Amino acid sequence: MKIGYGYDVHRLTANRRLVLCGVEIPHELGLLGHSDADVAVHALMDAILGALALGDIGKLFPDSDAKYLGADSMELLRTVILTMDKAGYALGNLDITIIAEQPKLAPYITRMRENLAGAFNCAVDNVSVKATTEEGLNLAGAGIGAHAVVLLCEK
Ligand code: MG
């Protein structure tokens, strides 16, 4: 078995979509980034690549490459899952914590888990997505962060 950890933060800004785990969330602000800036999926991809000691998403999908401008992070995740599969590993389970002062994410958590389980073709029980605030102390609404931990099992 291999364990991986990923962390990412993106800034909230006007005139951008807010996409988390492939779910578009209605909000006056969205996340700034080269791709769709799906911070939760970015942390998850880094956790998988970390478990396999294959670097990070910046190495796989460089933001200097115009190919990834506005990229759908769920599509990038499918590429990382394929890489994991080729390396001989399958997902045991994953756990993501999204840190956001705003908006409230509770109504979207189920769809996020279903989206990720669909990408891995695994049971939703193996996919945990949680959301928390930092009580206004740290990110304080300027951005959204995400931590991800994965357990990969040798096939
Ligand atoms: Mg990122």
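Start at 1 and go down the list; that is how both ligands and their atoms are numbered. Only a predicted model underlies this, so the values are computations on that prediction, with no experimental measurement involved.
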ask   = Given M112 and I98, is the side chain to side chain contact (heavy atoms under 4.5 Å, CB included) satisfied, shown in steps?
value = CA-CA 11 Å; M112 291 182 194; I98 301 170; 3.9 Å; yes
request  = Output yes when E114 and R111 qualify as a salt bridge under the 4.0 Å nitrogen-oxygen rule, no when they do not.
outcome  = no
ask   = Does any non-hydrogen side-chain atom of F120 lie less than 4.5 Å from one of I81?
value = yes
ask   = Does any pair with a residue in residues 9-31 pass ring pair (Phe, Tyr, Trp, His ring centres under 6.0 Å), and if so which ones, sequence neighbours excluded?
value = H10-H42
note = Residues V41 and G22: closest non-hydrogen pair is CG2-N, 4.4 Å
key: Under 2.8 Å from the Mg ion (ligand 1) - protein N/O/S, by chain and number   = D8 OD2, H10 NE2, H42 ND1
message = A side-chain contact here means heavy atoms from C-beta on lying under 4.5 Å apart; do I144 and L18 qualify?
response = yes
